[in-house]
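Read the structure below first, then the notes.
Keep in mind that the numbers below use all heavy atoms, side chains included, and drop hydrogens, waters and symmetry copies. Numbers here are sequence positions counted from 1.
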Amino acid sequence: MVNIAIETLASCSGCEVSILDLHEDITKLIEKADIVSAPILMDIKEIPDDIDIAIVTGSVRNVENKARLEELREKSKILIAYGTCACFGGITGMADLYTPEEVNSRSFTENPSTEPAELPNEVVPELLSIVHPAADFTKIDGFIPGCPPKEQLTHDILIPLINDEAPDVPKKSVCADCHREMEHVEYDKIHRRIEGEADPGKCFLSQGYVCLGSVTLGRCGGLCTEAGIPCHGCGGPSLDVLREPSHDIYNGVIKRIAHLSKMPEKDVEKQLYDIGHIMYGFVIGSTTMEEKQVSLIPQLVKK
């Protein structure tokens, strides 16, 4: 039997639940694997020894997260970052747009939706200055991004790993799975998602809507664009963006819009707002993305 451990860090626990989305195929997993640790499923406080495959979800937000991650690495043969938070900082990384003091204030003392409260000061792990993906602190053997990863991807990766086989991992962008048709159109205005009604058969970028499908790793099947929603990048950056120092989510989308609309890139940039959330919402905590030559993340993050 293969011993599997699932550890949750700064996470919504959606990634852990997504593993259950294997449905009846989960029986194939438990026939050859024993889940020896999973706080979401069992009351367990200590990470066991002799773990064959460890799956870590969530970002590293505080000193306790960091310590648990490093212990998990010591006790496991294979460590997988599962979900976009563990891989790139994910949605929790947007806290980096604010200082830890601003985050605490917004959460407790100046939260507009609750009564003001004192900051908790007992048994509370210290926040790190910024949100980190798992690879910032330890060696990661495999990355499965997604928010959460879709069940077919999980199946196609976990089952082969348990069988000691090489998984077949898709490498295309979301555009490869999108059925909308891209075309050159003369327009000079970028639309917010709430404006107008997009043509269901035409590429969002060709209609002036910001869509991150061309710069996002496509392991989701293009579900959002199929449902009439522009891609917002929850799958993390595409391989083209990751591999090239001069490729970035922001400049990639700018160039694509300028190419399709024939607007100068500077005119496109002038119409974009809230870049931290719209362009870098799922990767702003990623050291890899921050260190790119053309990245705007260093200008946005408050350390």
Side-chain angles (χ1 to χ4, degrees), residues 2 4-30 33 35 37-41 52-60 69 72 76 78-93 131 133-135 140-163 165-178 212-213 215-227 229 231-239 241-242 249 281-283 285-286 288-289:
V2 176
I4 293 180
I6 304 171
E7 181 66 26
T8 307
L9 302 181
S11 166
C12 67
S13 296
C15 286
E16 293 85 339
V17 173
S18 76
I19 296 176
L20 299 179
D21 283 344
L22 291 174
H23 304 296
E24 63 271 13
D25 278 347
I26 201 169
T27 59
K28 298 179 182 178
L29 186 150
I30 60 178
I35 299 178
S37 176
I40 195 173
L41 298 175
D52 295 304
I53 300 174
I55 298 171
V56 62
T57 71
S59 60
V60 184
L69 172 65
L72 195 66
S76 60
I78 296 174
L79 179 56
I80 296 173
Y82 186 88
T84 304
C85 286
C87 294
F88 303 108
I91 203 77
T92 55
V131 175
I140 301 297
D141 300 304
F143 298 85
I144 308 178
C147 189
K150 298 301 176 277
E151 64 274 10
Q152 189 59 50
L153 175 65
T154 303
H155 172 277
D156 292 346
I157 291 178
L158 282 186
I159 300 301
L161 280 177
I162 291 170
N163 293 327
E165 300 170 353
D168 181 18
V169 181
K171 300 178 176 64
K172 298 179 180 179
S173 70
V174 171
C175 285
D177 292 323
C178 180
L212 305 188
V215 292
T216 299
L217 195 59
R219 295 173 171 177
C220 60
L223 296 176
C224 288
T225 57
E226 186 73 19
I229 303 170
C231 173
H232 52 290
C234 77
S238 65
L239 293 183
V241 171
L242 283 174
I249 289 173
F282 288 85
V283 302
S286 169
T288 300
M289 297 301 295

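Taking 4.5 Å as the limit, some side-chain heavy atom of Leu69 sits within range of a side-chain heavy atom of Leu79. Contact annotation: the side chain of Ser18 approaches that of Pro149 to within less than 4.5 Å [non-hydrogen atoms, C-beta and beyond]. Residues Val241 and Met289 are in side-chain contact: their nearest non-hydrogen atoms beyond the backbone lie under 4.5 Å apart. No side-chain heavy atom of Asp177 sits less than 4.5 Å from a side-chain heavy atom of Lys172.
For the pair Leu153 and Pro145, the tightest heavy-atom approach, listed with the atom from each and the gap, is CD2-O, 4.0 Å. Of all heavy-atom pairs between Ser59 and Leu9, the closest is O-CB, 3.2 Å. The two atoms that bring His232 and Phe282 nearest to each other are CD2-CE1, 3.4 Å, heavy atoms only. Counting all heavy atoms, side chain and backbone alike, Gly236 lies closest to Val283 at CA-CG1, 4.3 Å. Contact record, Ser13 with Thr8: OG-CG2, 4.2 Å, taken as the closest heavy-atom pair. Of all the heavy atoms in Ala81 and Cys87, the pair that sits closest is O-SG, 3.4 Å.
Expressed to the nearest 0.5 Å, how far CD1 of Ile40 lies from CD1 of Ile19 amounts to 9.0 Å. A distance of 7.5 Å separates OG of Ser286 from CG of Leu242, quoted to the nearest 0.5 Å. Here the CD1-OH distance, from Ile157 to Tyr82, works out to 8.5 Å after rounding to the nearest 0.5 Å. Going from atom CD1 of Ile249 over to atom OG1 of Thr216 covers 6.0 Å, rounded to the nearest 0.5 Å. Taking CD1 of Ile80 as the reference point, atom CG of Leu161 lies at 5.0 Å (rounded to 0.5 Å). Put simply, CG on Asp21 and SG on Cys15 are 11.0 Å apart, with the number rounded to the nearest 0.5 Å.
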Walk me through whether Leu158 and Ile4 qualify under side-chain contact (heavy atoms from CB on, under 4.5 Å).
CA-CA 10 Å; Leu158 282 186; Ile4 293 180; 5.7 Å; no

Starting from the C-alpha separation in whole Å, work towards a yes-or-no answer on side-chain contact (heavy atoms from CB on, under 4.5 Å) for Ile55 and Ile144.
CA-CA 10 Å; Ile55 298 171; Ile144 308 178; over 6 Å; no

Pair Leu217-Leu239, side-chain contact (heavy atoms from CB on, under 4.5 Å): steps then yes or no
CA-CA 7 Å; Leu217 195 59; Leu239 293 183; 4.0 Å; yes

Between Asp168 and Asp156, is a side-chain contact (heavy atoms from CB on, under 4.5 Å) present by the stated rule, with each step listed?
CA-CA 7 Å; Asp168 181 18; Asp156 292 346; 6.0 Å; no

